[in-house]
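Note sheet for the following structure.
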Protein chains: 2
Amino acid sequence: MKYQRTGIKLVLFSVIDGKLCVFFENHMLPSVAWRGEGSLDQAVDELTRRVPGLATDQGYREQLYTFSGVEAGLPAQAGEYDIAIAYFVLLGEHKIPQGLRDRWIAYDARANSTDLAIITYAVQRLQWKVEYTNVVYSLLPQEFTLSQLQRVYEAILGKPLDKRNFRKKILSLGILKDTKKKKSLGRARPAGVYRFKTQKLTYVEIL
Amino acid sequence: MKYQRTGIKLVLFSVIDGKLCVFFENHMLPSVAWRGEGSLDQAVDELTRRVPGLATDQGYREQLYTFSGVEAGLPAQAGEYDIAIAYFVLLGEHKIPQGLRDRWIAYDARANSTDLAIITYAVQRLQWKVEYTNVVYSLLPQEFTLSQLQRVYEAILGKPLDKRNFRKKILSLGILKDTKKKKSLGRARPAGVYRFKTQKLTYVEIL
DNA sequence: GCAAAAGTGTTGTTGGTACACCCATGC
DNA sequence: GCATGGGTGTACCAACAACACTTTTGC
């Protein structure tokens, strides 16, 4: 009797220097075989630990999709899996050690990685999630300015946003707390500092 | 070396008699072991064929989620899988042979099936999908009246909808075609007959 | 003629979008 | 004093929600 080989793949996102970036290990998504020992989550933990500078508990993680056969482009890759369970993980730029930033590549829908289909799917999911939840908390330090927040949104959505409308919207959602502090970046007027009320995933009330 | 056992589970939905129903095989979702032969899709085809009155190509199918360990309540079930890949399938009431309707049970969030977590998740996905796509085409005959359509929406969303607003909205989406025919049900005024412009999944323009 | 379901418009509210200038600071 | 990014308000438009009566048919 034949058993299938199952793999786990990670799509790691971060917004670095205003650009949406994905982590690669020699031009492929980090992946590992899974042999059914322990839970899937544990296996993902382990895989996560392989990424330099990334502790298990950091960031936001979510299962993406289970790819099989053609969809994942798997046949083309010898020694690969019959099915691949893909996860995406969000990691704040501030948690990435400076020396390792070159392993993060700016997302480009036209790139031709074997994993492009998975990455594209992950980006769509991220774009959706960021509009309907507070999930961006995982891409920012605990305290941040509204401009920082806006830059993260712009990087993910891939388009510029209007400053006034953005602030009105985000503040009206009531997911932020004004710390009343001020932070000065460079030689400009200091900006107000905010934090997310909660670091747990919350769906935004659209009513 | 140990290999994991992978299972496929099906959540089959239909709206029968104005109620959202799920198909059960002795109080459980239909499932089958998968040993990595052929693609996942083929395996789902096969499982689908086990459901009486359901041909492979009928209805709409989508992968739901891959459950492992605790999440799916699997440990409680002896002889079950390490991971279960769940799919949901939508099937029009008109395609279900009369004699087999008793295997379809009205969805109840309070029921205590071992598969309740999966089913609940599937219902949420369905509710979302039905609001942003034309996917209900798979739950109705080719031709139908607006009232029939509204009843399907109400069953899925679990709440009554306003007739005038519903019609305005659905017609403005431009996904329906008026056949100009009339259909008389019972002793009331005959209703206009519509069809979906396409039977392929289409995301609705929200602009 | 009456029961049953079909069909039809208006109004108020809300959320989205477009848009331009002054302010506080570092150098 | 000037360059840099921070911060603010209004007006228009589109989508949504609430709401009640007339029409056509079968019996």
Side-chain angles (χ1 to χ4, degrees), chain A residues 15 17-18 93 127-128 130-134 140-141 143-195 203-207, chain B residues 15 17-18 127-128 130-134 140-141 143-155 157-195 203-207:
Chain A
V15 174
D17 207 15
E93 178 178 17
Q127 290 178 337
W128 183 88
V130 103
E131 298 203 68
Y132 294 101
T133 72
N134 66 348
L140 286 161
E143 307 201 326
F144 50 86
T145 69
L146 292 183
S147 297
Q148 276 180 285
L149 181 59
Q150 182 175 345
R151 279 193 290 272
V152 171
Y153 271 90
E154 289 175 332
I156 292 171
L157 299 176
K159 65 181 181 193
L161 300 174
D162 179 85
K163 202 197 330 183
R164 280 173 290 193
N165 292 338
F166 176 77
R167 293 161 104 91
K168 210 186 314 168
K169 177 79 182 302
I170 207 83
L171 291 174
S172 78
L173 296 179
I175 58 178
L176 298 185
K177 205 175 109 194
D178 187 346
T179 64
K180 308 290 182 188
K181 294 189 235 175
K182 296 276 174 195
K183 189 161 117 197
S184 207
L185 299 102
R187 58 184 150 178
R189 174 176 175 176
V193 173
Y194 292 79
R195 23 189 326 169
Y203 288 82
V204 163
E205 294 297 320
I206 311 206
L207 291 183
Chain B
V15 174
D17 207 16
Q127 291 179 338
W128 183 87
V130 103
E131 297 202 70
Y132 294 101
T133 72
N134 65 348
L140 287 160
E143 305 201 327
F144 51 87
T145 69
L146 291 183
S147 297
Q148 275 179 284
L149 181 59
Q150 183 174 344
R151 278 192 291 274
V152 170
Y153 270 91
E154 289 175 332
L157 299 177
K159 65 180 182 196
L161 299 174
D162 178 85
K163 202 193 337 178
R164 282 174 288 191
N165 292 338
F166 176 78
R167 293 161 104 89
K168 209 184 316 166
K169 177 79 183 299
I170 208 82
L171 291 174
S172 78
L173 296 179
I175 56 178
L176 298 185
K177 203 175 111 194
D178 188 346
T179 65
K180 307 289 183 191
K181 295 189 234 174
K182 295 277 175 198
K183 189 161 118 197
S184 207
L185 300 101
R187 56 183 153 179
R189 171 176 178 176
V193 173
Y194 293 80
R195 22 188 328 169
Y203 287 82
V204 163
E205 295 296 321
I206 312 208
L207 291 184

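Proteins get letters first, then strands, A, B, ... in listed order; numbering begins at 1 in each. Model, not experiment: these values are computed from the prediction.
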Donor-acceptor pair under 3.5 Å, A:Lys168 side chain vs C:dG16 base
no
Heavy atoms from C-beta onward define the side chain here; which of D:dC19, C:dG7, D:dT8 lies closest to that of B:Asp162?
D:dC19
Tell me what A:Ser147 touches on the nucleic acid: a base, only sugar-phosphate, or nothing, going by heavy atoms under 4.0 Å.
sugar-phosphate
Does OP1 or OP2 of C:dG7 have a side-chain N or O of B:Arg167 closer than 4.0 Å?
yes
Residue pair B:Lys163 / B:Leu161, side-chain heavy-atom distance below 4.5 Å
no
Any side-chain heavy atom of A:Val152 within less than 4.5 Å of one from A:Glu93?
no
Rounded to whole Å, how long is the line connecting atom CG of B:Leu146 with atom P of D:dT23?
20 Å
Tell me whether the side-chain N or O atoms of A:Lys169 pair up with the base of C:dG15 as donor and acceptor below 3.5 Å, since no angle test is needed here.
no
Enumerate the residues from residues 173-192 of chain B whose closest heavy atom to DNA chain D is under 4.0 Å, giving them by residue number; use none for an empty result.
B:Gly186, B:Arg187, B:Ala188, B:Arg189, B:Pro190
A:Arg164 CZ to C:dG16 P, straight-line distance once rounded to whole Å
17 Å
Atom CG of B:Leu161 and atom P of D:dC16: how far apart are they, to the nearest Å?
13 Å
Round to the nearest Å and state the distance from A:Ile170 atom CD1 to D:dG7 atom C1'.
16 Å
Calculate the interatomic distance between B:Tyr132 atom OH and D:dA15 atom C1'; express it in whole Å.
12 Å
Looking at D:dG7, C:dG7, D:dA17, which one has an atom nearest to any side-chain atom of B:Asn165?
D:dA17
Where do A:Val193 and A:Glu143 come nearest, in terms of heavy atoms and distance?
CG1-CB, 3.6 Å
Whole angstrom is fine here: how far is it from CG in B:Leu171 over to P in D:dA15?
15 Å
Please name the pair of heavy atoms, one in B:Leu176 and one in B:Leu171, separated by the smallest distance, quoted to 0.1 Å.
CD1-CD2, 4.4 Å
How long is the straight-line distance from CZ of A:Arg151 back to CG of A:Leu140, given to the nearest 0.5 Å?
10.0 Å
Pairwise distance OG1(A:Thr179) to CZ(A:Phe144) - rounded to 0.5 angstrom
9.5 Å
Between C:dA18 atom P and A:Lys163 atom NZ, what is the distance in whole Å?
17 Å
In whole angstroms, how far is the P atom of C:dT17 from the CZ atom of A:Phe166?
13 Å
Atom pair CG/OH of A:Asp178 and A:Tyr194 - distance to nearest 0.5 Å:
4.5 Å
